[in-house]
Each structure stands twice: as C-alpha cells, then as structure tokens.
Amino acid sequence: MKMAKILKAVASAFVAGALAATAMFSAVSASTQTADLTITGTNDNHSYEAYQIFAGDLEGSTLSNIVWGSGIADGDALLAALTTADTVGGVDYSSATSAAEVAELLATNGSDYDLTAAQAFADFISDYLAATPSATATVESGDTSATFTGIEVGYYLVKDADDTLDGEDEAYTRFIIKIVGDASAAVKSSTPTVDKQVYDDDDSAAWNEVADYDIGDAVPFKLIGTMPSTLGDYETYKYIFHDTLSDGLTLDASSIVVTIDGTTIDSSLYTVNTDPSDCTFEVAFTDIISAGTNNSTPVTVTTTSQVVVTYNATLNSDAVVGLNGNPNEVYLEYSNNPNQGGEGETGQTPEEYALVFTYELDVTKVDGDDNTKVLEGAEFVLYDEDGNYAIVDLTTNKITGWTTDPDSATTLTSDSLGNFVVIGLDEGTYYLKETKAPSGYNLLSSPIKLVIDAADVHNLEYDGTNASSELTGIEITVNGSTNSGDPDLGTVSAKVENNSGSVLPETGGIGTTIFYVGGAIIVAGAVILLIVKRRMRTAE
C-alpha cells in the first residue's frame with residue numbers, strides 16, 4: 001500500500017477533472033529521478049515556488065523510501081505539530097512517527113480522494129516550509145505557463161511567490177500539490193467584479209452609466225458586486241466597496257441599503273465609513289460569507305451571488321455644467337489569498353464609473369418687432385412640468401432647490417443686456433412665466449414652454465475618460481421652435497419676445513379748433529347778454 005494507494009486515488013481524480021478542484025494531484029510514471037513540472041493558466045510576468053514535501057524513489061507509479069523533502073524547514077517540528085493537532089482536514093496523524101507514516105495516513109484516510117483533507121494538509125504544512133523554495137519558475141512576458149525544469153521527483157507544494165501580485169484585479173491560486181515525474185497543473189484563481197450605475201429618470205427610466213439631473217435633485221446610484229468562482233476556497237471573504245463621488249454630489253448616508261441576491265442585509269453586519277482616506281465612503285464586510293448566514297433572513301452566499309448597494313446623492317451647487325460632467329467611481333477590495341495565513345491579503349478590481357450631467361439655460365428678453373433690441377426689467381419665474389418652481393441663487397445663478405409654492409419661487413429679472421441665466425437644469429420640459437413686463441410692454445398672456453433635449457446620454461458605457469462620446473449634442477425647443485446648444489459648455493439659449501403696449505388714438509387738428517372756437521362763442525354770447533340786460537335796467 002504505502003504511497004501507491006494515494007497515487008492510485010489521485011490518478012483517477014485527475015482524469016475526472018481534479019485540476020479544477022481546490023487541491024490538485026496527479027500520479028505520473030517516470031523512470032528518471034528528475035522531472036519537469038509545468039504550471040499553466042498563469043499570470044504574465046508572475047513567479048511560482050515549488051517546495052518538496054516528500055522525497056523518495058519513484059518507480060513506475062510508486063514513491064517509496066519516503067522522507068521529508070527539501071522544502072520542509074524542520075521535519076521533526078512538522079511531525080510534532082501534526083501528531084498533536086486534533087485532526088487536519090479530518091485526518092488523525094497522532095500515531096505517525098515518520099514522514100513515511102504521515103504519507104501513509106494521508107493516503108489511507110483520503111482513499112476516496114478527499115480534496116478537503118489534501119488541501120487542509122497543504123494549508124497546515126505551509127507554516128513549516130523552508131525559507132528557500134526547492135525550485136522557482138517565472139512566466140515570461142507574453143507567456144501563459146511556467147516550467148520547473150529538472151527538479152527532483154517527489155511530492156510538491158506549489159505556490160505563488162510572495163508579494164508577486166500588485167493588488168490590481170488578481171488573486172493568489174490555491175496551493176497546488178503534485179507528485180512529480182513530468183507533469184503539468186493548471187492554476188486556479190478568480191476575482192470578483194464591480195459595476196456602478198446611475199438611475200436615468202428621463203425617457204428611458206432605467207439604470208445606466210450616464211444620466212442628467214437638476215441641481216438639488218437626489219440622484220440614485222447602484223453598486224453591483226459579484227463573487228469569484230473560487231469562493232469555496234475561502235473560509236472567510238473580505239468584501240469592501242470603495243466609492244468616490246465628485247465634488248458636485250453630496251452623499252446621503254442614511255439612504256444606503258445593501259442586498260445580497262435581493263435580500264436586504266442587516267446594517268449591523270457591515271460597516272459604513274464616511275471618512276476614509278481614499279474615497280468618499282466605504283461599505284465593508286469583514287466576512288461576507290458569515291454575514292449572509294447571520295442575516296435576519298439568512299442568505300447563502302455562493303459563487304453566483306450579487307451584492308448590491310443602493311444610495312442617493314444630491315447634485316449640489318459645485319456640480320460641473322456641460323461636457324466634463326460629474327464623474328463618480330467605485331472599486332471593490334476583496335480577499336485574494338485562499339491559503340493558510342493569507343486571510344488578511346486583499347486585491348482590488350479596476351475602477352468602474354457613472355457620470356451625471358447638468359445644463360445651463362441662457363434667456364434673452366427682446367422686442368417682438370426688433371429682436372436686436374434687448375429689454376431690461378422683465379421678471380419671470382421658472383417651473384417644471386410637475387409644478388415645481390426653481391429657487392435660484394442670484395449671485396451664482398445656480399439652482400439651490402425647488403418649491404411647490406409659486407410665491408417662494410425666485411424672481412428672474414432681465415439685466416441691461418436683456419439676459420438672465422439659470423444653471424443646473426436636467427433634460428426635460430420647463431415653463432417660464434412672466435410676472436412683470438418691461439416698462440411700456442405688454443405682459444405675456446401665457447407661459448413660454450421650453451424643452452431641453454440632450455443627445456446620446458442614455459444606455460451608454462462610460463469608462464471615466466470619454467465624456468465627449470457621452471454628450472454629443474444638446475438643443476432647446478422654445479414654443480415649438482428648436483435651436484442647437486453647446487454640448488461642451490452644456491448651454492442652451494432662448495429668446496423671449498415682448499410686444500410694446502398699445503398707443504391709444506387722440507383727437508387733434510380741426511376738431512380741437514372747433515372745440516376751442518365753440519367755447520369762445522359761448523363765452524362771448526354770455527358777455528353780450530349780460531351787457532344788454534344792464535342797459536335795459538338803466539333805461540327804466
């Protein structure tokens with residue numbers, strides 16, 4: 001029996017696809033005492049280390065005369081630790097007195113090719129590896145494999161060289177166990193993904209990566225995280241969203257909600273940090289696997305699970321108007337070392353982005369008969385199609401909020417150039433209601449309808465750099481007449497006409513003369529009559 005039993009077990013499992021499992025074994029046949037071991041599916045420019053755990057003589061498919069290999073720093077210390085441990089992966093090594101007996105117990109108790117036992121053994125012995133590996137191999141630039149050439153036959157633990165990942169979208173592979181004559185093994189690592197979306201409340205009414213809003217609006221965001229295909233390799237799994245908002249957006253921390261596969265997760269099971277050093281806020285799970293289990297409504301976190309964070313952020317007065325927009329980003333920090341002692345190591349996904357636009361309305365008040373003549377002193381209020389009236393800071397011309405009370409709306413007054421400006425408008429329909437006409441002009445009898453339409457801001461992918469492809473045009477329709485705006489500046493312009501008041505007709509010329517002559521005759525007649533009466537009295 002001895003090692004032949006484990007060799008027979010791993011040979012059948014290898015054929016059945018063991019390379020895709022947590023620990024990987026292969027029985028090989030070789031007539032020499034050196035062999036090549038090739039690691040496939042590797043990261044570019046990455047290094048691997050091989051540690052010989054058991055050495056011996058390989059004859060056919062049997063490793064005999066087994067002793068501790070060169071990859072073990074202190075075989076006596078390892079044996080003592082194994083024999084005093086309760087069990088390691090369900091295997092009791094308390095009776096073992098040598099490396100050969102440890103191998104026998106591993107083979108006997110793993111007779112059905114117990115991958116859990118094999119991986120637990122690899123995890124356990126990782127604390128007893130030699131300071132220098134038995135062999136190293138490096139993936140050359142552009143290659144996807146690395147080969148340990150001419151290494152002594154035996155039973156090997158293969159691992160990523162320490163500190164060989166840069167933390168960017170990478171994860172360490174599970175320890176690989178191989179019995180070496182010439183053989184190969186595929187690494188197995190996987191990373192989660194993250195996406196960031198913003199709710200588009202205009203025509204599409206859907207989650208996209210680009211949307212536009214009024215300053216003062218609460219903008220809904222959604223972060224979507226996935227799980228790695230190797231989640232089962234980890235006992236615990238750290239999972240942290242790092243979200244950064246632009247200066248033009250203010251987080252509403254009270255709006256944060258986290259779900260796993262649609263089930264809301266108790267807020268006590270994760271931490272919200274609104275004062276981190278590298279972003280606006282974090283949503284952190286120390287162990288997302290146990291969080292699902294301990295939720296008031298338990299959730300089983302699997303490789304296909306989705307973690308969703310939703311929250312609102314208010315578009316504020318610092319919002320950028322026009323093409324550059326207000327970009328926002330997120331990255332996911334995650335556990336990336338499933339091996340013993342690697343619980344605290346993390347990697348991170350590439351950043352994902354969402355973009356929010358807002359626009360500027362420039363209005364010029366002009367004479368209805370002569371559009372080159374601008375009118376000062378016209379007063380308006382602006383409201384949207386839902387009856388919300390704009391409140392505007394007249395110093396900055398930026399919207400600060402909205403009200404349903406018309407009396408609380410900000411009065412917008414045309415200046416000496418006939419202009420007034422409103423900054424921070426969404427795509428959509430608005431109305432300008434004139435509340436006071438310029439001196440000598442008639443008050444508009446009905447509101448002016450304004451429709452702002454931004455081109456190509458929906459259903460697009462935003463990578464954080466190509467804002468120009470996200471906003472290709474903007475236009476405004478004023479009472480049915482459409483004019484193009486400036487997408488770079490995010491501005492649209494409208495001319496509003498006023499007609500002068502009516503000039504009432506007045507009499508003049510001969511009519512006035514007749515009036516005056518007629519009046520004079522009446523007065524003269526009265527004087528003559530008075531004189532005649534006086535003379536008649538004297539004659540008497």
Side-chain angles (χ1 to χ4, degrees), residues 194-224 242-252 255 279-281 309-331 350-362 384 390 392-393 396-402 421-430 450-476 484-493:
V194 70
D195 191 22
K196 182 166 188 175
Q197 298 177 354
V198 58
Y199 187 73
D200 175 11
D201 64 349
D202 294 322
D203 295 337
S204 61
W207 290 98
N208 296 309
E209 293 190 2
V210 180
D212 37 29
Y213 278 88
D214 294 309
I215 288 179
D217 282 349
V219 182
F221 287 96
K222 178 165 65 174
L223 313 177
I224 306 169
H242 295 257
D243 195 273
T244 301
L245 295 171
S246 67
D247 291 341
L249 286 154
T250 303
L251 172 69
D252 176 6
S255 67
C279 60
T280 303
F281 73 99
V309 177
T310 57
Y311 67 90
N312 293 334
T314 302
L315 193 65
N316 63 45
S317 60
D318 290 327
V320 173
V321 178
L323 188 60
N324 290 332
N326 301 273
N328 312 276
E329 64 186 65
V330 67
Y331 72 87
E351 289 84 359
E352 288 291 327
Y353 302 86
L355 184 63
V356 177
F357 287 118
T358 194
Y359 310 115
E360 175 181 323
L361 171 65
D362 298 337
D384 64 19
V392 181
D393 182 339
T396 63
N397 298 320
K398 292 183 177 181
I399 291 176
T400 60
W402 297 83
V421 174
V422 180
I423 298 174
L425 291 177
D426 189 0
E427 179 181 38
T429 300
Y430 300 89
L450 309 173
V451 180
I452 299 174
D453 184 29
D456 294 339
V457 297
H458 308 301
N459 302 312
L460 294 175
E461 295 290 326
Y462 175 58
D463 65 3
T465 61
N466 64 337
S468 60
S469 66
E470 309 302 322
L471 181 59
T472 60
I474 186 171
E475 61 185 23
I476 186 169
S484 296
D486 185 335
D488 288 348
L489 299 177
T491 58
V492 288
S493 301

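In this structure, OG1 on T314 lies 11.5 Å from CD1 on I215, to the nearest 0.5 angstrom. A distance of 4.5 Å separates OG1 in T491 from CG in D486, rounded to the nearest 0.5 Å. A distance of 11.5 Å separates NZ of K222 from CD of E209, quoted to the nearest 0.5 Å. To the nearest 0.5 angstrom, D393 atom CG is 11.5 Å from I399 atom CD1. Interatomic distance, L251 CG to N312 CG, rounded to the nearest 0.5 Å: 9.0 Å. Taken from CG in L223 to OH in Y331, the straight-line distance is 13.0 Å, to the nearest 0.5 Å.
Here the side chains of Y430 and I452 are in contact, with some heavy-atom distance below 4.5 Å. No side-chain heavy atom of L425 sits under 4.5 Å from any side-chain heavy atom of D384. Side chains of I224 and Q197 form a contact here, defined as non-hydrogen atoms less than 4.5 Å apart. Counting heavy atoms from C-beta on, the side chains of V492 and E475 never come closer than 4.5 Å. The shortest side-chain heavy-atom distance between I476 and L450 falls under the 4.5 Å cut-off. Between I474 and E427 the shortest side-chain heavy-atom distance does not fall below 4.5 Å.
K196 contributes no side-chain N or O that, together with a main-chain N or O of A354, makes up a donor-acceptor pair within less than 3.5 Å. When atom types are taken as modelled, the side chain of D214 and the backbone of G216 share no donor-acceptor pair closer than 3.5 angstrom. Judged by distance alone, with hydrogens and angles left aside, the side-chain atoms of D217 form no donor-acceptor pair with the main-chain N or O of V219 at under 3.5 Å. No donor-acceptor pair closer than 3.5 Å links the side chain of D243 to the backbone N or O of V330. Looking at N328, its side chain does come within 3.5 Å of a backbone N or O of N326 through a donor-acceptor pair.
By the side chain to side chain contact (heavy atoms under 4.5 Å, CB included) test, Y199 is found to be paired with D201, A205, W207, Y213, P220, residues two or more places apart in sequence or in another chain being considered. Partners of Y311 by ring-ring contact (aromatic ring centres under 6.0 Å, His included), not counting sequence neighbours, listed by chain and number: F221, F281. Scored by the side-chain hydrogen bond (donor to acceptor under 3.5 Å, both in side chains) test, D362 finds no partners at all (sequence neighbours excluded).
The nearest pair of heavy atoms linking A319 to T358 is CB-CG2, 4.3 Å. Residue C279 comes nearest to T244 through the heavy atom pair CB-OG1, 3.2 Å, listed as atom of the first residue, atom of the second, then distance. When all heavy atoms of L249 and N316 are compared, the pair lying nearest together is N-ND2, 3.4 Å. Counting all heavy atoms, side chain and backbone alike, S246 lies closest to P327 at CB-O, 3.2 Å. In plain terms, the two heavy atoms of A454 and Y359 that are nearest each other are CB-OH, 3.2 Å. The minimum heavy-atom distance between L245 and A313, with the atom names listed, is CD1-CB, 3.9 Å.
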Audit row: E360, L489, side chain to side chain contact (heavy atoms under 4.5 Å, CB included) steps and yes/no: CA-CA 8 Å; E360 175 181 323; L489 299 177; over 6 Å; no
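In the displayed structure, D247 atom CG is contacted under 6.0 Å by at most 12 heavy atoms of other residues, nucleotides or ligands.
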